[in-house]
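Quick notes on the structure that follows.
In listed order, ligands and their atoms are each counted from 1.
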Amino acid sequence: MDLTRRPRRLRTDGVRPLVRETELSASDLIAPVFVDATTDERQPIESMPGHERVPLDEAVARVEEVRETGVEAVILFGIPEAKDERGTRAWAADGVVQAATRRIKDETDAYVITDVCLCEYTSHGHCGVLEEGAAEEPTLTVRNDETLALLGQIATSHADAGADMVAPSSMTDGMVGAIRESLDGAGHDDVAIMSYAAKYESAFYGPFRDAADGAPAFGDRRHYQMDPANAREAAREVALDVEQGADVLMVKPALPYLDIVASVREQVDHPVAAYNVSGEYAMLHAAAEKGWLDLEAVAHESLLSIKRAGADLILTYFAEDVAAQL
Ligand code: PBG
């Protein structure tokens with residue numbers, strides 16, 4: 001046999017590490033943290049085993065737990081004390097994310113990213129201001145341009161509290177530009193924007209919507225999140241966000257969209273992030289609970305494949321567990 005046709009020679013224990021193309025490290029990972037203004041005690045999230053919503057008083061402790069595993073970056077999600085039609089608690093200076101950010105930045109060296117959206121704060125659970133009568137006619141859309149001003153206010157309130165990076169997730173057209181303008185106007189030109197650039201209308205967000213209490217009360221998010229059938233459209237979304245000043249481009253979800261991760265990697269020189277979402281986490285846990293999969297192994301393999309596809313950063317509920325194994 002022709003000796004050049006023996007790739008197996010490079011699979012012995014000794015040489016495998018030398019020829020490994022992809023290496024996962026704790027510094028690639030971002031851990032989601034849920035801060036809940038409605039509770040005084042940690043609340044387990046049933047569909048996301050091992051994750052909890054923590055009260056404001058536990059936010060620093062929660063972030064320190066993450067940092068102990070070697071993961072230095074967190075993304076904060078807030079559950080406000082009250083919701084209303086416009087989501088006013090989303091940009092309150094004393095809102096849950098703002099207060100948590102302040103404490104975390106005061107007391108730790110964590111890198112704090114905040115999710116910028118309205119769905120956890122609005123009574124209807126949509127990611128923006130609704131058109132009149134939308135509840136009666138759920139095909140009606142959110143008002144894009146009216147939502148932009150609010151996103152700018154939310155991002156700036158997070159930056160005022162000390163956020164290092166803001167991550168708009170509402171799929172509002174023009175959101176990156178509006179947020180950049182608002183941040184710069186408030187003197188926050190050093191705060192970075194990680195755009196949820198290609199965010200699909202995915203059924204894999206189910207457990208998160210329980211966790212953050214952000215499920216739409218009626219209708220769905222089809223008229224603002226992307227159609228799972230579309231790949232070329234992701235390139236268009238990414239180009240628009242780059243034009244508007246995004247610093248990091250995110251693809252979400254991750255595993256079912258690795259083709260998109262790989263093509264965005266080709267398209268831009270910016271760092272690419274992928275969000276290994278709640279459903280991707282929950283399904284591995286469910287199978288492992290039945291004894292059908294080895295959780296540690298499949299979690300590591302999942303993150304490795306996301307990185308191999310081209311992601312520089314991975315947002316994942318496995319951050320702590322995988323980092324602790326590395
Ligand atoms: C808010 C937001 C969502 C997620 C992150 N930010 C929910 C959604 O769009 O429904 C989902 C994260 C996950 O499933 O882990 N817009």
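- Residue contact annotation: S170 has no non-hydrogen atom under 4.0 Å from ligand 1.
- At a cut-off of 3.5 Å, with distance as the only test, a side-chain donor of S157 or Q98 sits close to an acceptor on the other residue.
- Scanning the protein for heavy atoms near atom 5 (C) of ligand 1, the closest one is K252 NZ, 2.7 Å.
- In this structure, Y257 has its ring center at least 6.0 angstrom away from the ring center of F204.
- For the pairing with E280, the side chain to side chain contact (heavy atoms under 4.5 Å, CB included) check across S302, P207, P253 returns one residue only, P253.
- Taking only nitrogen or oxygen atoms, main chain and side chain alike, E120 does not reach within less than 3.5 Å of ligand 1.
- For ligand 1 and F77, the ligand atoms under 4.0 Å from any heavy atom of the residue are 5 (C), 6 (N).
- For R232, the CZ atom is loosely surrounded, since the number of other residues' heavy atoms within 6.0 Å does not exceed 12.
- The protein heavy-atom contact nearest to atom 16 (N) of ligand 1 is K199 NZ, 3.0 Å.
- Contacts of S169 with ligand 1, taken as heavy-atom pairs under 4.0 Å, involve both backbone and side chain.
- Atom 14 (O) of ligand 1 has S278 OG, 2.7 Å as its closest protein atom, hydrogens excluded (heavy atom only).
- In this structure, E181 places its CD atom where only 12 or fewer heavy-atom neighbours from other residues, nucleotides or ligands lie under 6.0 Å away.
- Using a 4.0 angstrom heavy-atom cutoff, Y275 counts as in contact with ligand 1.
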message: Let's go through R103 and L56 carefully: what are the C-alpha distance in whole Å and the side-chain angles of both, what is the deciding distance for side-chain contact (heavy atoms from CB on, under 4.5 Å) to 0.1 Å, and is it a yes or a no?
response: CA-CA 9 Å; R103 293 192 193 192; L56 192 51; 3.8 Å; yes
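- Under a cutoff of 6.0 Å and an axis angle of 45°, K199 and Y275 do not form a cation-pi pair.
- Distances shorter than 4.0 angstrom do not occur between any heavy atom of E280 and any atom of ligand 1.
- Atoms of ligand 1 found under 4.0 Å from any heavy atom of C119 (numbered from 1 in listed order, with element): 1 (C), 16 (N).
- In this structure, F318 has its ring center at least 6.0 angstrom away from the ring center of H300.
- Of the heavy atoms in Y317, only side-chain atoms (C-beta onward) come closer than 4.0 Å to ligand 1.
- The proximity of C117 to ligand 1, defined as any non-hydrogen pair under 4.0 Å, is limited to the side chain.
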